[in-house]
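This report concerns only the one structure given below.
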Amino acid sequence: TACCANMEISEGEEDDTEWKSLVSRSPVASSDTSNNTSLAAPQKVILHFDLDCFYAQVEMIRNPALRNVPLGVQQKYIIVTCNYVAREHGVTKLMSVTDAKEKCPDLVLVKGEDLTHYREMSYKVTELLISFCPLVERLGFDENFMDISEIVERRLQQSETCSFKGHVYNNSSRLCPWLAMGSQVAAELREAIHSKLGLTGCAGIATNKLLAKLVSGTFKPNQQTTLLSEDVSNLMGSLDSLRKVPGIGHQTAKRLQALGMTSIIDLELFPLDILAGEFGESSARRLKSLAIGIDDSNVNPTGAPQSLSDEDSFKKMSSIKDVTEKIEELLSSLVERMHKDGRQPHTFRLTIRRYSTTNKWFSRESRQCPIPSHIGQKIVVGNPLANKLFHKMVDTSKAFHLTLINVCFSNLRDRPGKPSLISFFTPRPSPRKTKPCTSQGQVNPLL
DNA sequence: TGGGGGAAT
DNA sequence: ATTCCCC
Ligand SMILES: Nc1ccn([C@H]2C[C@H](O)[C@@H](COP(=O)(O)OP(=O)(O)OP(=O)(O)O)O2)c(=O)n1
Ligand SMILES: [Mg+2]
Ligand SMILES: [Mg+2]
């Protein structure tokens, strides 16, 4: 089955069951040029949401005085994101603090290493979207995919036709009832996010996740864009590098480049059999599909997180005492989060990064172990698990130099008798209109 | 150059 | 346990 964000290239069997069902969904109409609204929509309607400068927005809500100043959110030595006032001054995402201060001496900085507030706001957004339609897939903290095909289908049975809300890619204008309806739903959802949570963001409306994601960034802060099928090649052709394709990461791009490919067109035209020789049959097909805007992956509801982790990085940590204290610090915060979640972890993992000049800065080592079920609560102080794992990785009889420690709980299971905090599974009877279920007086603890 | 999270291998 | 992907 398709993977989480479904953006990755895997070598496993191709999951094309969905493409088949997509085709069989429409025995009569087969392109989005059909005007027959009495039939089921032949195409899926997929939305992609991406909040504007997310961490910065959260900080501006917490402190409205920051609204009109150039604001950067700082994690250690980098500006992880910044508001649009700062961007006008040349500050960019993931810029070093020194470069940012150079570009914009008046830049105001807030610390952003603690993700608590961002995480909480992130789930409020996802929960709000779920209250309209359960098919919501998270990608990071500020993006959500939504499959609104059914909502659109229902609404088209009532009101025959409607116009587009927001932009249409390439200013194309022609009838397309279900994408137009999708754009109206997107506008309503963005408005809900704004009125209930005070957040702005972009939306993309298209017939698959790849295209919805790519088109959502066309007009950037707080706008939405719909993509019609005749403009798919224009959109794909506008991408200036292979890396812009979601699913083609650093390594894949390097391997493609080693085969002589630089642009999307190169990939489109590259012989499938040779590509298959390097990546395997199914990954090769997947890559060539992505290059022409085809993506048959489903919107997979994300549900509650599968792991909770907490980490900290530093210039140098070289004593057992410091390490033990740091692990205790990380663990106590993690245990608290775990407790609020309501579930119980059954696996613990400790990850470290060792100092090394030669490029190896990004290699991590980890050890994990089961958590005995009888540990009750007090794993934090004098914790036996983390200590064992640490000594498995690090020979403490020799000198060591760590630059990062991460602690992670996974294999999360519902505690017998207790419910989990995340109300992700609200199988509320589907609303007639796209009104939030909670407006009917139902209880949604996260809203 | 942060601090998360996911899936495949 | 590692690698690759996403934000
Ligand atoms: N490598 C990254 C990428 C993103 N983020 C965090 C900070 C961002 O605020 C948030 C969302 O990522 P986006 O790429 O969507 O960036 P923004 O939402 O900040 O800006 P934009 O308005 O361009 O979407 O995730 C991060 O910590 N590390
Ligand atoms: Mg984003
Ligand atoms: Mg964003």
Side-chain angles (χ1 to χ4, degrees), chain A residues 1-13 15 48-55 72-81 92-100 109 111-120 122-123 125-126 137-145 201 209-210 213 216-217 243-255 279-280 282-283 286-287 290 297 300-315 330 333-334 337 347 349-353 359 361-369 389 392-393 403-410 412:
Chain A
T1 92
C3 65
C4 147
N6 282 326
M7 293 302 172
E8 263 194 76
I9 308 303
S10 90
E11 305 241 1
E13 281 298 291
D15 177 3
H48 174 259
F49 293 95
D50 186 333
L51 273 352
D52 301 326
C53 55
F54 181 51
Y55 293 1
V73 177
Q74 178 181 195
Q75 292 174 328
K76 299 298 193 302
Y77 303 101
I78 71 164
I79 307 295
V80 66
T81 194
T92 69
K93 294 184 277 186
L94 304 179
M95 184 179 256
S96 80
V97 171
T98 31
D99 286 359
L109 297 179
K111 294 285 201 170
E113 287 101 349
D114 185 342
L115 303 187
T116 303
H117 297 116
Y118 314 137
R119 186 183 294 111
E120 287 174 0
S122 172
Y123 278 104
V125 172
T126 299
E137 178 177 341
R138 291 164 56 82
L139 184 59
F141 279 10
D142 90 320
E143 291 178 32
N144 290 277
F145 292 96
K209 288 202 292 179
L210 203 223
K213 180 172 170 56
S216 68
R243 277 249 38 199
K244 295 283 170 51
V245 180
I248 299 182
H250 187 64
Q251 296 302 322
T252 304
K254 275 206 309 191
R255 291 169 69 184
F279 291 88
S282 88
S283 291
R286 168 83 174 153
L287 285 168
L290 292 177
S297 65
N300 294 128
T302 300
Q306 300 171 20
S307 66
L308 301 188
S309 64
D310 207 332
E311 73 185 47
D312 197 2
S313 64
F314 25 79
K315 283 293 183 202
L330 293 172
S333 138
L334 192 60
R337 270 212 281 150
T347 302
R349 171 168 38 202
L350 182 69
T351 302
I352 62 169
R353 187 179 62 194
N359 208 15
W361 246 70
F362 282 96
S363 87
R364 289 151 132 96
E365 304 162 53
S366 70
R367 295 290 183 269
Q368 68 177 244
C369 69
L389 294 182
K392 256 180 212 204
M393 267 186 298
T403 62
L404 175 143
I405 295 180
N406 174 294
V407 292
C408 177
F409 285 146
S410 61
L412 275 20

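Residue numbers start from 1 in every chain, and the chains themselves are labelled A, B, ... in the order their sequence lines are given, proteins ahead of strands.
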Task: Atom-pair distance (CZ on A:R349; P on B:dG6), nearest Å - done: 10 Å
Task: B:dG5 phosphate, OP1 or OP2, under 4.0 Å from A:R138 side-chain N/O - done: no
Task: Distance, rounded to the nearest Å, where A:H250 contributes NE2 and C:dC6 contributes C1' - done: 15 Å
- [ ] Could you state the atom-to-atom distance from CG of A:L94 to C1' of B:dT1 in whole Å?
- [x] 8 Å
Open item on the list: Taking Watson-Crick (N1-N3 plus N6-O4 or O6-N4) and G-U wobble (N1-O2, O6-N3), each under 3.5 Å, can you produce the dot-bracket string of DNA chain B? Use [ ] for crossing pairs and | for inter-strand ones.
Closed with: ..|||||||
Task: Any A:K213 side-chain N or O less than 4.0 Å from OP1/OP2 of C:dC7 - done: yes
Task: Gap between atoms CG and C1', on A:N300 and B:dA8 respectively (whole Å) - done: 15 Å
Open item on the list: Would A:N144 and A:T126 count as a side-chain hydrogen bond (donor to acceptor under 3.5 Å, both in side chains) here? Give the steps.
Closed with: CA-CA 7 Å; A:N144 290 277; A:T126 299; 2.9 Å; yes
Open item on the list: Less than 4.0 angstrom between a side-chain N/O of A:R119 and OP1 or OP2 of C:dC7, yes or no?
Closed with: no
Open item on the list: So which atom in A:S313 and which in A:K76 form the shortest heavy-atom distance, rounded to 0.1 Å?
Closed with: O-CE, 3.2 Å
Task: Residue A:E113, side-chain atoms from C-beta onward, closest of B:dG3, B:dG6, C:dC6 - done: B:dG3
Task: For A:R138 against A:T302, the heavy-atom pair lying closest together - done: N-OG1, 2.7 Å
Open item on the list: So A:V245, base contact, sugar-phosphate only, or nothing? Heavy-atom distance under 4.0 Å.
Closed with: sugar-phosphate
Task: Plane angle bin for A:Y118 and A:Y55 - parallel if under 30°, tilted between 30 and 60°, otherwise perpendicular - done: parallel
- [ ] Taking the six-membered ring of A:F141 (Phe, Tyr or Trp), confirm whether the NZ or CZ of A:R119 is under 6.0 Å from its centre and within 45° of its axis.
- [x] no
Open item on the list: Nearest whole Å is fine: how far is B:dG4 P from A:Q306 CD?
Closed with: 17 Å
Open item on the list: So if I take every side-chain heavy atom of A:D312 and compare against B:dG4, B:dG3, C:dA1, which nucleotide ends up nearest?
Closed with: B:dG3
Open item on the list: Salt bridge or not between A:E365 and A:R353? Use side-chain N to carboxylate O under 4.0 Å.
Closed with: no
Open item on the list: Under 4.0 Å from OP1 or OP2 of B:dG5: is there any side-chain N or O of A:S309 that close?
Closed with: yes
Open item on the list: Return whichever of A:I78 or A:L308 has its heavy-atom-nearest nucleotide of DNA chain B closer to the 5' end.
Closed with: A:I78
TODO: Respond yes when some side-chain nitrogen or oxygen of A:S366 is under 4.0 Å from OP1 or OP2 of C:dT2, and no when none is.
DONE: yes
Task: Side-chain (A:R349) to main-chain (A:R367) donor-acceptor, under 3.5 angstrom - done: no
Open item on the list: Under 4.0 Å, counting only non-hydrogen atoms across every strand here, what does A:E311 touch: a base, just sugar-phosphate, or nothing?
Closed with: base
Task: Between C:dC7 (C1') and A:D52 (CG): distance, integer Å - done: 15 Å
Open item on the list: Please pick, from B:dG2, C:dC7, B:dG5, the nucleotide with the shortest atom-to-atom distance to any side-chain atom of A:D142.
Closed with: C:dC7
Task: Distance, rounded to the nearest Å, where A:F279 contributes CZ and B:dT9 contributes C1' - done: 16 Å
Task: Rounded distance in Å - CG (A:L115) to P (B:dG4) - done: 4 Å
Task: Heavy-atom pair with the smallest gap, counting every atom of A:P305 and A:L412 - done: O-CD2, 3.6 Å
TODO: Ignoring backbone atoms, test whether A:S307 places a side-chain nitrogen or oxygen under 4.0 Å from the OP1 or OP2 oxygen of B:dG6.
DONE: yes
TODO: Look at A:R353 and B:dG3 and indicate whether a side-chain polar atom (N or O) is within less than 4.0 Å of OP1 or OP2.
DONE: no
Task: Any A:T302 side-chain nitrogen or oxygen under 4.0 Å from OP1 or OP2 of B:dG6 - done: no
Open item on the list: Nearest 0.5 angstrom please: A:T403 OG1 to A:R364 CZ, how far?
Closed with: 8.5 Å
Task: Closest listed nucleotide, where the reference is the side chain of A:F362 and the choices are C:dT2, B:dG2, B:dG3 - done: B:dG2
- [ ] Describe the nucleic acid contact of A:D114 in one word from base, sugar-phosphate, nothing, applying a heavy-atom distance below 4.0 Å.
- [x] nothing
Task: Proximal nucleotide (of B:dG2, C:dC4, C:dT2) relative to the A:Y77 side chain - done: B:dG2
